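This report refers to the structure that appears directly beneath it.
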Protein chains: 2
Amino acid sequence: MAYSKKEEFPDQDLRLAEIAKALSHPARIKILRILNQMNSCMVGGLVEQLPISQSTVSQHLTELRKAGLIIGEIDGPKVCYCINKEQLTKTKKAFDRLFSGIGCC
Amino acid sequence: MAYSKKEEFPDQDLRLAEIAKALSHPARIKILRILNQMNSCMVGGLVEQLPISQSTVSQHLTELRKAGLIIGEIDGPKVCYCINKEQLTKTKKAFDRLFSGIGCC
DNA sequence: TCCTTATATCGTATATTTACGATATACAAT
DNA sequence: ATTGTATATCGTAAATATACGATATAAGGA
């Protein structure tokens with residue numbers, strides 16, 4: 001088949017869908033919760049608290065980073081991840097706009 | 001590989017991830033917007049306003065229905081879809097809880 | 001320099017999603 | 001009864017996501 005019609009939808013809807021996709025796996029939601037709870041965390045600390053392998057955790061972190069929801073700072077041989085609060089605030093507002101734009105009280 | 005670790009995550013995170021997944025395609029977000037704008041709409045009306053085929057629209061509607069975000073009422077040979085405002089309100093609250101539980105202001 | 005540690009990336013297998021056309025179903029109207 | 005209309009479902013192909021182990025990379029310490 002000819003593929004991915006996603007680009008044919010309004011930009012606003014596409015961007016919101018992308019953020020929703022970043023939130024569409026329980027591991028990624030859990031990661032956000034852990035990062036908030038601990039303020040920041042090394043990858044190893046996350047791996048310890050998740051039932052998935054290091055390489056899979058790394059993949060999920062990459063997706064959260066691409067969506068702008070987290071930031072990773074290199075700290076020697078380690079990488080320290082934390083939540084991107086600014087982007088998260090924007091995301092919350094985008095969802096709020098969607099819900100109110102959809103007649104949600 | 002052995003598959004889907006999703007069940008190994010907290011129920012709350014899993015349910016929120018499922019709703020996020022329902023919102024993770026621009027066609028489904030557009031459908032919600034159209035349904036709100038028109039109050040309710042037959043499938044044919046949606047197909048006219050979307051750049052995808054009837055069968056694909058039907059698949060997206062099934063996913064939104066499974067997530068509880070829309071309701072379809074049979075009306076003769078047609079089906080009339082509308083937003084499930086009750087569920088949408090719950091969804092909004094679930095996202096709000098996530099965001100505040102994540103340190104979002 | 002060599003070893004250890006931490007993380008990312010590669011290669012790969014399987015599952016799921018997205019998309020379409022074709023077909024089935026369900027009802028209304030003739 | 002037959003025809004037409006609306007929608008869902010089936011079959012299928014391609015794309016993407018999920019998961020892992022193995023390997024590469026990068027930095028610190030011996």
Side-chain angles (χ1 to χ4, degrees), chain A residues 1-9 13-14 17-31 34-35 38 40-67 70-82, chain B residues 1-9 13-14 17-31 34-35 38 40-67 70-82:
Chain A
M1 312 284 103
Y3 261 62
S4 200
K5 296 280 183 110
K6 284 183 182 173
E7 302 300 330
E8 298 184 28
F9 290 89
D13 292 347
L14 185 53
E18 280 168 354
I19 295 171
K21 196 160 81 169
L23 298 172
S24 75
H25 194 291
R28 295 194 284 268
I29 290 184
K30 188 80 194 294
I31 288 170
I34 294 170
L35 290 182
M38 307 180 70
S40 71
C41 192
M42 304 292 168
V43 178
L46 292 167
V47 173
E48 277 175 25
Q49 295 175 69
L50 296 167
I52 48 180
S53 74
Q54 179 266 317
S55 59
T56 304
V57 170
S58 190
Q59 275 182 31
H60 285 306
L61 289 169
T62 298
E63 293 197 47
L64 287 169
R65 231 189 311 114
K66 280 198 297 184
I70 63 172
I71 296 168
E73 276 185 50
I74 295 171
D75 170 24
K78 306 182 182 182
V79 178
C80 183
Y81 279 99
C82 64
Chain B
M1 314 285 104
Y3 259 62
S4 200
K5 298 278 184 109
K6 284 184 182 174
E7 302 300 329
E8 298 184 29
F9 289 89
D13 292 346
L14 185 53
E18 280 169 354
I19 295 171
K21 196 160 80 167
L23 298 173
S24 75
H25 194 291
R28 295 195 285 269
I29 290 184
K30 189 81 194 291
I31 287 169
I34 293 170
L35 289 182
M38 305 181 70
S40 72
C41 191
M42 305 291 168
V43 178
L46 292 167
V47 173
E48 276 175 27
Q49 296 176 68
L50 294 166
I52 49 181
S53 73
Q54 179 265 319
S55 59
T56 304
V57 170
S58 190
Q59 276 182 30
H60 285 306
L61 289 170
T62 298
E63 294 197 49
L64 287 169
R65 232 190 310 114
K66 280 197 297 184
I70 62 171
I71 296 168
E73 277 185 50
I74 295 171
D75 171 23
K78 306 182 184 183
V79 178
C80 182
Y81 279 99
C82 63

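As the structure is a computational prediction, the values presented were derived from the model and not from experiment. We name chains A, B, ... by the order of the sequence lines, and we start the count at 1 in each one.
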Residues S58(A) and S55(A): side-chain donor-acceptor under 3.5 angstrom: no
From CD (Q59(A)) to CG (L64(A)), nearest 0.5 Å: 12.0 Å
Whole-Å distance separating the CG atom of L64(B) from the C1' atom of dT18(C): 14 Å
Separation of atom NE2 in H25(B) from atom C1' in dA17(D), rounded to whole Å: 14 Å
Contacting residues from residues 70-77 of chain B, given that a heavy atom lies under 4.0 angstrom of DNA chain D: P77(B)
Between atom NZ in K6(B) and atom C1' in dT14(C), what is the gap in whole Å? 14 Å
Which value, rounded to the nearest 0.5 Å, describes the distance between E48(B) atom CD and Q54(B) atom CD? 12.5 Å
Looking at CG of D75(A) and CE of M42(A), how far apart are the two atoms once the value is rounded to the nearest 0.5 Å? 4.5 Å
OP1 or OP2 of dC20(D) less than 4.0 angstrom from a side-chain nitrogen or oxygen of K5(B), does that happen here? yes
Report yes if the side chains of P51(A) and F9(B) come closer than 4.5 Å at any heavy-atom pair, otherwise no. yes
Would you compute the distance between atom NE2 of H25(B) and atom CG of D13(A) and round it to the nearest 0.5 angstrom? 11.5 Å
Options dC20(D), dT18(D), dT9(C), nucleotide nearest the side-chain atoms of S58(A): dT9(C)
Using heavy-atom distances to pick each residue's nearest nucleotide on DNA chain C, tell me which of F9(A) and M42(A) is more 5'. M42(A)
Between R28(A) (side chain only) and A17(B) (backbone N and O only), is there a donor and an acceptor less than 3.5 Å apart? no
side-chain N/O K21(A) vs dA17(D) OP1/OP2, d < 4.0 Å: yes
Under-3.5 Å N/O pairs linking protein and nucleotides 21-24 of chain D:
unit_1	atom_1	unit_2	atom_2	d
dG21(D)	N7	S55(A)	OG	3.3
dG21(D)	O6	S55(A)	OG	3.3

Rounded to whole angstrom units, what separation is found between the NZ atom of K66(B) and the P atom of dT9(D)? 11 Å
How close or far is atom P of dT18(C) from atom CG of L23(B), stated in whole angstroms? 12 Å
Return the value, rounded to whole Å, for the distance between atom CD of E7(A) and atom P of dA19(C). 11 Å
Looking only at side-chain N and O atoms, does K78(B) come under 4.0 Å of OP1 or OP2 in dA28(C)? no
Can you tell me how far apart NZ (K78(B)) and SG (C80(B)) are? Round to the nearest 0.5 Å. 10.0 Å
Send over the distance from I52(B) CD1 to dT7(D) P, rounded to a whole Å. 14 Å
Is Y81(B) close enough to dA8(D) that one of its side-chain N or O atoms is under 4.0 Å from OP1 or OP2 there? yes
When you compare the side chain of Y81(B) with that of R65(B), does any pair of heavy atoms fall below 4.5 Å? yes
Can you tell me how far P of dT7(D) sits from CD of E63(B), to the nearest Å? 19 Å
Is there a side-chain polar atom (N or O) of H60(A) under 4.0 Å from OP1 or OP2 of dA17(D)? no
Under 3.5 Å, is there any donor-acceptor pair linking the side chain of Y3(B) to the base of dA17(D)? no
Note, I52(A) side chain near H60(A) side chain (heavy atom, < 4.5 Å): yes
